[in-house]
Amino acid sequence: MALRKITEYPAKVLNEVGDPVEVFDEELARLCEDMFETMYAEEGVGLAAPQIGLSLRLFVMDCAGIKLVAANPEIVAAEGEQGGEEGCLSVGKIHSPLKRAERATLRAQDVRGEWYEREAAGLAARCFQHETDHCDGLLFINRLTPLKRNMVTKRFQKLKKWE
Ligand SMILES: [Zn+2]
């Protein structure tokens, strides 16, 4: 296993629609292990392939008791609304309030290519939505109002200067 470097805003790969995962082999399994290891090292609850520079529709998560690999993910149902803050390892973990669906159903393939559906509420549902967005080339800041997005990116740029 190996730690991967986190790709940060404004890297182009973060705003590209990922390629579908087509081969479910040892290499993919190793990539997923690396992604879990990197996510835990960064104290994240989810990590998508574009966040380590790979334009692929793939994410891993371990959030609110739900641990999974999601290849070719899709949100097939969503209902309700939740408030709360959202942040991202690719944007320096700076948080901002963002409304999301309270419940969401994820449809994806596991590391062996088996399709599954998983329903979640609250934080895990937020994670489904956030990580699936990554696979579609969307960062959470792309869903903020221009004013809030500016606040987050300015704070992030300041953070980078101090590093
Ligand atoms: Zn993220």
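We're numbering straight along the sequence, starting at 1. Just so you know, ligand 1 is whichever comes first in the structure, and atom 1 is the first atom listed for that ligand.
- Not a single donor-acceptor pair under 3.5 Å links the side chain of Ser90 to the backbone N or O of Glu8.
- Asp133 has a carboxylate O that lies under 4.0 Å from a charged side-chain N of Arg100, or vice versa, which qualifies the two as a salt bridge.
- A side-chain donor-acceptor contact under 3.5 Å links Arg57 to the backbone of Cys135.
- Among protein atoms, those of element N, O or S found less than 2.8 Å away from the Zn ion (ligand 1) are Cys88 SG, His130 NE2, His134 NE2.
- Salt-bridge annotation for Arg143 and Glu86: absent, with no side-chain N of the basic residue lying under 4.0 Å from a carboxylate O of the acidic one.
- A pairwise comparison of heavy atoms in Phe59 and Pro73 identifies CE2-CB, 3.7 Å as the closest pair.
- Here the closest heavy-atom approach between residue Ala125 and residue Gln129 is recorded as O-NE2, 2.9 Å.
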